[in-house]
Each structure stands twice: as C-alpha cells, then as structure tokens.
Undergrad: 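Take this structure first; my questions come after.
Naming convention: chains lettered A, B, ... in sequence-line order (proteins, then strands); numbering from 1 in each chain.
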Amino acid sequence: MEQLDELELLMEKSFWEEAELPAELFQKKAVASFPRTVLSRGMDNRYLVLAVSTVQNKEGNCEKHLVITASQSLENKELCILRNDWCSVPVEPGDIIHLEGDCTSDTWIIDKDFGYLILYPDILISGTSIASSIRCMRRAVLSETFRSSDPATRQMLIGTVLHEVFQKAINNSFAPEKLQELAFQTIQEIRHLKEMYRLNLSQDEIKQEVEDYLPSFCKWAGDFMHKNASTDFPQMQLSLPSDSSKDNSTCNIEVVKSMDIEESIWSPRFGLKGKIDVTVGVKIHRGCKTKYKIMPLELKTGKESNSIEHRSQVVLYTLLSQERRADPEAGLLLYLKTGQMYPVPANHLDKRELLKLRNQMAFSLFHRISKSATRQKTQLASLPQIIEEEKTCKYCSQMGNCALYSRAVEQQMDGSSVPIVMLPKIEEETQHLKQTHLEYFSLWCLMLTLESQSKDNKKNHQNIWLMPASEMEKSGSCIGHLIRTEHVKTICDGQYLHNFQRKHGAIPVTNLLAGDRVIVSGEERSLFALSRGYVKEINTTTVTCLLDRNLSVLPESILFRLDQEEKSCDIETPLGNLSKLMENTFVSKKLRDLIIDFREPQFTSYLSSVLPHDAKDTVACILKGLNKPQRQAMKKVLLSKDYTLVVGMPGTGKTTTICTLVRILYACGFSVLLTSYTHSAVDNILLKLAKFKIGFLRLGQTQKVHPAIQQFTEQEICRSKSIKSLALLEELYNSQVPAPEQVEKGGVSNITEAKVIVFLTSIFIKAGCSPSDIGIIAPYRQQLKIINDLLAHSSIGMVEVNTVDKYQGRDKSIVLVSFVRSNKDGTVGELLKDWRRLNVAITRAKHKLILLGCVPSLNCYPPLEKLLNHLNSEKLIIDLPSREHGNLCHILGDFQRE
DNA sequence: GCTCTGCCGAGAGGA
C-alpha cells in the first residue's frame, strides 16, 4: 500500500523529473502486479512504463509520451509517442505494454496509420469477447466475470452440431450421403444427447433441423472447392492490404484444402486468444495472377447478418494466425444456412480499433479493485459505463448482473453516475432483492476478486512464451528438448495419448508428476500452446501425456516442451453461483432466505413421512453398515426440508455417509442429484457407489483401527469416535543413521529415507503383497520424485506414490509415509505443522502403517511431537541401528542393480 | 517456503 502512495505522489510530478526517480520504486510496483515478467525487446517485446505525460504538439493536437524500458535494470530508457486516438489508451506508470511497429533511435511512434500498443499483453482476451464489446463494453466485461449466467439454447446446440458436421465434411466429403451420415453420427454423440435432454428436445427434431442445412453445405463445396478452371469459382470483391491500389478488387476464391480444425491459438503479441473454426489454404485468382494464403474460415449457422461483430471476429483471427504463420491479410466468413461466403479483409483501421477495444477491456479486467477517493477504502471498481440503448439491453443475457452491479456496487460509491433513463430498468431488475442481499453480493464480489488477485494466485502463464525451456527447467515445472516417440493413440475425440522422450539423455529433475496438467508447446516461438492435457505417466526416460489434440500431424523433428499448467484460482464458479443466488426465481429466493438472512433450516419429525413404508427393510439393511454418528447424520439429512451440514474431519466417514444416503434414496425410488464444488469429491462418491454394485460385502466388514492410532486421533484430532479409515500401526522407524534432508530449488528431499521406503516396499512385494495395495506418501514433491525414480529402476510394479493430499478420501492396505525432514538446526516447514494433513496421512492405511522419519527433527513439529510421545509410550518406535543401515545400503545397492 | 483445493473453455446464436 505504501508503495502505491509513493507512486501516486510520483505521478503528480513532471515527466522528466519522474524519469529520474528511483528505479526500485517502479520495480516494486511491477513486481507486485506482474510477478516475474521478463522485460525484453524484439518480437515479444515487453516494456515497463516508467512515466506518462500528455503534451500538445505543434499542431495543437494531443499526444501521450511514455518513458519506457525493456531492461530489467530499468536503465535503458526509450520514448513511445502515442498520437491520434491512441492518446486515449488508459496506460499508467508501472504498467507492462507490448509495442508493434518501428523503433528508430529509441523512439516509438504509434499513430493512426502505423503501429499498435497492447496494454497488459499477457492478459489474453478471446476474439468473441472483443467482438461482443463493440456493442457494449460493460456486457463483455460482465460476461468475463459472471460466465455461467448464459444457459445454452436450442440454436446454440444446432450451431455446435453443424460446426462439427462441416468440420468433419471438409476433411472427408461433401457428398450428400456422406453429409447425411456425418450428421447422424454427430447427433448421436453423448454430449449432444445430454444437451438435447436438458433442453427437452427430441433427437428427430434436431436431426431434421440439421438436415435442412446440408444442401447449403453441398452448394458451398460445389462453389468453392474442386473446379477445373480458376474462373469457375464465384466472383468476389476482395482487396488485400498488400495489393496495390490499382489492382481490381474482383477475384475468384478457391478453397484448396483444410489445414486445421478448431485450432486454438494464444497470441501474447496482441494479447488475444481464440479458436479458429477451420484454417484453410486458399487461392485468390485475380486476372492471370494467383496468390496462395492460409486463412481463417469462420462458420456461422444463424442469420446471414454479415454483421460488424462477425466480421470483427474474423479480423481478430487474422491476428491470431500470425502467431503460427504468415499474415493472411484476410479471412472468410461463411453462413451455413445459405452457403453464402464473405471475404473479410483485415485492414489496419479495423485491427487498430479492435486492439483499442481490447486495451479498454484489459484495463477493466486488470483494474477490478479501486480505492475510494475519500477514505482510501479498498472497494470494487466501476465497470465500463452503462450504454443507453434499450434495444441492446432488452435481450442482453447480462442484464441481471449489470443492474445488480450498478445497484449493489456502483451506486454505493461517491460520485457514481448512472444514465437516468436506465434507473427504472435497474430498479425493476433488482426490486426482488433486500438491502442485506445487495450487501452480501457486494461483499462476496469484493472478497472473491481480492482472492483472485492475491499474490498466491498471480500465476505466470507468460513464462511459457517469455522464457526459454532451458531456463524454465531450473524451476522444475518444465521439461524441454523432447521429441515425440511411438504412435499417438486416439482414446476418443479430443483425447490423444502421446509419448515424449528427451532428445538426448534422461529427463532432468522435475516436479512434474502423474496427474499434473500441462501445456505442450513446440520450442519454436511459433508453436507454443499447441495442446493441453495432463501427465499420465512419467519416469526417467519417458513422459506419457493425454492431450486434447493429435500432434502427429506435425513434423517428427519438432522439439517440444511441457510446462506445468499452474492452477489459476477459479473464482468464476463462486461468482457464477453468487449471481445465480440473486436471480428472481423461487429457488434463489429460498436460498437467499437460508444463506443470507440465516433462516433456520426446517426438519420434519418422522421418517415415516419421508420414506415409503415398503422400503423400511431395505433401508434398515443399508443402515447396518454405519456407526452411530453416521446414522444420526443420516437421519437428520432424511428429515431435512432445507439443508443439513455434515461436518467432520478427514477420515471420519462423511463420504461413506453420503454414499449410504444415495443408496437409500435410490432404493426408495427418488432421483438424486450429486453436485459438488469439486469434481474429485463427486468422483470419490461415484467410485464408492460403484464398489457397492460390484462386490458389496465390504460394507459388512468392520475395519478395526489399531488402538494406539484410534486413541491418538480421537484425543488430539478428531474428538469424534466415527473413525472409519482404520490403520494398524506397526512400527515407526527412528532413523539413527545419517539421513540428512536436501533442500534445493525443486523442494525438500531425503535420499536415505527414499531408499529405505523403496527397500521396505520391495520386502512387502516379495512377501506377496500386490503393488496396488501399497501406497507411498510424502509431503514433498521432490521426495516423491526420488522415490519414483528409485522404483522405476527396480523390479517393483506400479506402486502408487503421491502427496498426502492426493490420498484424501481413499485407503490402501499398506501405507508407507516418508516425513523427509531431518536437520540439526531445527528448521521447521509450514507443511508438517498442519495437523489435518497429518491426520490424513496416518488414517489412510487399512492394515499396516509405517512412518519413517527423524524423531529429533519431527519433534520440532508440535502435532508430530504429540504423536511421537504417544507412540513412544506405546513402545511403537523402532530405531534403525547404524549397522543395519550399512546392511541396508548393501541390499539396496543389490536391489537397484536388479 | 516448496503441499493442495476450486479448472477444458472459447464460442454455440439472438437482436
């Protein structure tokens, strides 16, 4: 906060004076807002704005002068002059910008005819968002904020299906029978059937409507593909920006072939992203001259509007295309209802205006929080102004959020201004809400926005395009220099299994684990973010990934890099829920009552009024599998008219309770809707339910917990007696042998512990345990990595190795825990202090639990100290004598050579 | 201080 005040003072000083001021200050702001942004010149230039001043030039016109730097030391300053309308770009000192154009003697000039300025270029905004901002910037920003408030319609479903049919046809054939077949096949796909079900539409209805389009598909193919002579193609009007003005704009356009479908491109040059329906190779015949271009082809199934929005989308795609190949200079807009196709030239003027809209939008998205003028209070910022166009507002899907934000947030600020004509509309849209509801909305919007902006969540996607793989590898979240090996296996549409190997040697030390999300890029600048997916398997030689695109179409020589996709905090779901909670519907009203106004939840008195009489025996039978608190929770839930909160520590059997509930409801003939904030929670429930269907008998087996652990968890952690997951603790090895931890950039590890863990695992397997019954847990990724590597070099099969948290809600027969930490200076990591995590770790084992760690070090952690004291009193701690360690190393040596 | 949790997601049409 202090830094910002200093900055504000700075901004009031004059231009040249400012430029002389301490560089650290700017560095501070830049670091706070744009962590680890790499400043650089060249194609991907990133400049830090040091100062902004508005000046009048000789002609009396306004110019903005920016003092900028691309050097991390902030020493080498350059000047950027913004002329004409570029003056209005809302750029401030401390901002990061990208410049397109020419720089002569350290001066950039961006004017109406030449050059672009991209504000916050690492915020990538989609083509459709920008196109929709033409009519209403506020709507575009609201749509980015409250995403889910736009339920899909019949027309959208038809649109999606027709897109797919066309995309399949262009790689196959436009023959009528083939089109028919492709259409039928597409309609049958499960995701479309689901959507039809949701919209209450029959398959026949959709089929009919889709088939109505097919003749136009044929017509288009007949017009634009496969002809004998170039003049057989329809005449069109198209001048490319590079054509000389003398050239006739009349030409024939021939679509030669489809190069890609649904190509997804991120453009950190223009701050854009998007998916191109079809990328086509096109011949433009003009007189005797022919130009070949690879262009975006945008499909539309709705009205043939040739609207500015549609055309703008195409223009933006020409900018995206430049990330991968030569400037197409134009794109194509095809209306599938009629087969009519319009060429869309990408003129400088259009691109300039669209990029200016992008900048405005980026500004709004970046500045979501402001300070109140009077009291410097942190508050939500105003959104772009409400427009005064009843027609546009009438059908706007963001109307509710627009009015709500205006009333709950903007109208509470000093000096807010709302167009007077819109006030009645805003009042009408929000009249169902009480003051408490408006305040709730405003508060949670602010909290969620602040959370998304917190330091933790400033993820740096941009490192993929700003940092070479070799540099990124040092952080452990990237692997470069990979080549694709073996065939790509198609699992289904949109899931392709790829194998990668390092071109030379083994895969370097990395944090990447199975299950991590990754972004696959080519190491070349033009090939980044080719595909996304997750790691399926990783060992010292090979990474197997499940990706959303098939990369076998690319040349085999391409060098790839995998970057771990850092989770960006998802506030979209809660914001969407928040918006839904404010809707004028019966359900939302009830929820507002309960959640905001704290109406007590109601319960009926008798189970007999809830459960059908004839289900009594079945229910009784199902309930047998639960302990007392679980049954009590179950009863409460069944009697609930509103909601019931079931609260419990990890391992206390919440999921089991829910599963049993589902089974009861199912047995009584109710339909059940499972929803969850997390996917994994629902997955766990489904997994357990599936188990019930298969064997079942598991329910009857009461698992016994070792009394020592039971006592401990009950006393220190749970207080509840409903521990389900039951571990039999056998031994705790106290490693009296030298087993120091290693702290490096990739994390904390302990090679000795890793070796012992692997050795013990091998013993269990030799004793007849199935590798799938064994789980290895360590709190640090680096340790998992080392254990994985040792396992990979052994003859041990697939033993699951993962972090504590990944075991949440699951059991293994045997669990080995490596605590890793071992040092003399008593360095305490935050990680092990978390007793909830400890609880998860020690309650995952059904039959045998082995904890491996350095007792003196672990005693530094209060929760562990309690556990160790407890185990000590039960004589469950076993020292590992140094003589044994020597033997162990021998054995391990042998074992590794095996 | 090195863990994890919320994640497919840009665009499907309408005026």
Undergrad: Tell me every residue that passes salt bridge (charged side-chain N to carboxylate O under 4.0 Å, His left out) with A/Lys207, counting only those two or more places apart in sequence or in another chain.
TA: A/Glu211
Undergrad: For DNA chain B, which residues of residues 157-166 of chain A approach it to below 4.0 angstrom with any heavy atom?
TA: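 A/Gly159, A/Thr160, A/His163, in order of number.
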Undergrad: Quick one, A/His310 with A/Tyr342, criterion side-chain hydrogen bond (donor to acceptor under 3.5 Å, both in side chains). Give me CA distance, side-chain angles, the key distance, then yes/no.
TA: CA-CA 11 Å; A/His310 289 173; A/Tyr342 297 88; over 6 Å; no
Undergrad: Mind calculating the distance between CZ (A/Arg532) and C1' (B/dC8) to the nearest angstrom?
TA: 7 Å
Undergrad: To the nearest Å, how far apart are A/Leu124 CG and B/dA10 P?
TA: 9 Å
Undergrad: Any chance you could encode DNA chain B as dot-bracket? Rule is Watson-Crick or G-U wobble with both distances under 3.5 Å; [ ] for pairs crossing earlier ones, | for another strand.
TA: ...............
Undergrad: Can you tell me if A/Ser452 uses its side chain to pair, donor with acceptor, with the backbone of A/Thr449 under 3.5 Å?
TA: yes
Undergrad: Are A/Lys168 and A/Glu189 close enough for a salt bridge, meaning some N to O gap below 4.0 Å?
TA: yes
Undergrad: Across the strands shown, which category fits A/Gly533 at heavy-atom distances under 4.0 angstrom: base, sugar-phosphate, nothing?
TA: nothing
Undergrad: Nearest whole angstrom, please: distance from the P of B/dA12 to the CG of A/Leu299.
TA: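 One finds 8 Å between P of B/dA12 and CG of A/Leu299, rounded.
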Undergrad: Give A/Lys273 one of three labels, base, sugar-phosphate or nothing, depending on what nucleic acid heavy atoms sit under 4.0 Å from its own.
TA: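 The residue A/Lys273 makes sugar-phosphate contact but no base contact.
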Undergrad: Using atom types as modelled and distance alone, determine if a side-chain donor or acceptor of A/Glu389 lies under 3.5 Å from a backbone N or O of A/Lys394.
TA: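 Checked: no pair found.
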Undergrad: Looking across every strand, which nucleic acid part, if any, lies under 4.0 Å from A/Ser126 by heavy atom: base, sugar-phosphate, or nothing?
TA: sugar-phosphate
Undergrad: What verdict does the side-chain hydrogen bond (donor to acceptor under 3.5 Å, both in side chains) test give for A/Glu164 and A/Thr186, after you've listed the backbone C-alpha separation in whole Å, the side-chain angles of each residue and the deciding distance to 0.1 Å?
TA: CA-CA 7 Å; A/Glu164 283 177 33; A/Thr186 306; 5.1 Å; no
Undergrad: Could you give the distance separating B/dT3 and B/dC7 at their P atoms, to the nearest angstrom?
TA: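 About 22 Å, rounded to a whole number of Å.
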Undergrad: Could you tell me which residues satisfy salt bridge (charged side-chain N to carboxylate O under 4.0 Å, His left out) with A/Lys273, sequence neighbours excluded, listed by chain and number?
TA: none
Undergrad: Closer to the 5' end of DNA chain B via nearest nucleotide, is it A/Leu784 or A/Lys337?
TA: A/Leu784
Undergrad: So if I take every side-chain heavy atom of A/Met156 and compare against B/dG14, B/dA12, B/dC2, which nucleotide ends up nearest?
TA: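 Between B/dG14, B/dA12, B/dC2, the one nearest the side chain of A/Met156 would be B/dA12.
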Undergrad: Which nucleotide in the list B/dA15, B/dG11, B/dG9 gets nearest to the side chain of A/Glu565?
TA: B/dG9
Undergrad: Taking any heavy-atom pair under 4.0 Å as a contact, classify A/Glu298: base, sugar-phosphate, or nothing.
TA: sugar-phosphate
Undergrad: Roughly how many Å is it from CG in A/Leu546 to C1' in B/dC8, rounded to a whole number?
TA: 12 Å
Undergrad: Between A/Asp260 and A/Arg549, is the closest basic N to carboxylate O distance under 4.0 Å?
TA: yes
Undergrad: Nearest of B/dA15, B/dC2, B/dA12 to any side-chain atom of A/Tyr780?
TA: B/dC2
Undergrad: In terms of side-chain heavy atoms of A/Asp277, which of B/dA12, B/dG11, B/dG13 is nearest?
TA: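 Ranking B/dA12, B/dG11, B/dG13 by closest atom to the A/Asp277 side chain puts B/dA12 first.
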Undergrad: Report which part of the nucleic acid A/Tyr534 touches: base, sugar-phosphate, or nothing (heavy-atom distance under 4.0 Å, all strands).
TA: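 If one applies the 4.0 Å heavy-atom cut-off, A/Tyr534 turns out to touch nothing in the nucleic acid.
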Undergrad: Of all residues at least two apart in sequence or in a different chain, which pass the ring-ring contact (aromatic ring centres under 6.0 Å, His included) check with A/Tyr213?
TA: none
Undergrad: Can you tell me the distance, in whole Å, between the CH2 atom of A/Trp444 and the C1' atom of B/dG6?
TA: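 Rounded to the whole Å, the gap is 14 Å.
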Undergrad: Given atom CD1 of A/Ile125 and atom P of B/dG9, what is their separation to the nearest angstrom?
TA: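 Taking CD1 of A/Ile125 and P of B/dG9, I get 16 Å after rounding.
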Undergrad: If you only use heavy atoms from C-beta on, which nucleotide in B/dG11, B/dG14, B/dC7 is closest to the side chain of A/Arg517?
TA: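 In terms of side-chain proximity for A/Arg517, the closest of B/dG11, B/dG14, B/dC7 is B/dC7.
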Undergrad: Does A/Glu572 get its side chain close enough to the base of B/dG9, under 3.5 Å, for a donor-acceptor pair?
TA: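 Per atom types, no contact qualifies.
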Undergrad: Give the rounded distance in Å between these two atoms: CD of A/Glu263 and P of B/dA10.
TA: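 That distance rounds to 15 Å.
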Undergrad: SG of A/Cys393 to CD1 of A/Ile386: how many Å apart, nearest 0.5 Å?
TA: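 These two atoms lie 8.0 Å from each other.
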Undergrad: Taking B/dC8 as the reference, what is the distance to B/dA12 when you measure between their C1' atoms (whole Å, please)?
TA: 16 Å
Undergrad: Counting side-chain heavy atoms from C-beta on, which of B/dA10, B/dG6, B/dG14 comes nearest to A/Glu451?
TA: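 Of all the options, the side chain of A/Glu451 is nearest to B/dG6.
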Undergrad: Report yes if a side-chain nitrogen or oxygen of A/Arg147 is closer than 4.0 Å to either non-bridging phosphate oxygen (OP1 or OP2) of B/dG11; otherwise report no.
TA: no
Undergrad: Taking salt bridge (charged side-chain N to carboxylate O under 4.0 Å, His left out) as the definition, give me every residue that meets it alongside A/Glu205, ordered by chain and number, with sequence neighbours left out.
TA: A/Arg154
Undergrad: Roughly how many Å apart are B/dG9 and B/dT5, using the P atom of each and rounding to a whole number?
TA: 16 Å
Undergrad: Determine: side-chain N/O of A/Arg821 to OP1/OP2 of B/dC2, distance under 4.0 Å, yes or no.
TA: yes
Undergrad: If you look at every strand shown and take non-hydrogen atoms under 4.0 Å, does A/Asp548 touch a base, only sugar-phosphate, or nothing?
TA: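 Result for A/Asp548 = nothing.
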Undergrad: Measure from the side-chain heavy atoms of A/Ser397 and tell me the nearest of B/dC2, B/dA12, B/dG14.
TA: B/dG14
Undergrad: Without swapping roles, check the side chain of A/Arg358 against the backbone of A/Gly271 for a donor-acceptor pair under 3.5 Å.
TA: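 A pair under 3.5 Å: yes.
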Undergrad: Could you state the atom-to-atom distance from CG of A/Asp516 to P of B/dC2 in whole Å?
TA: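 After rounding, the reported distance stands at 18 Å.
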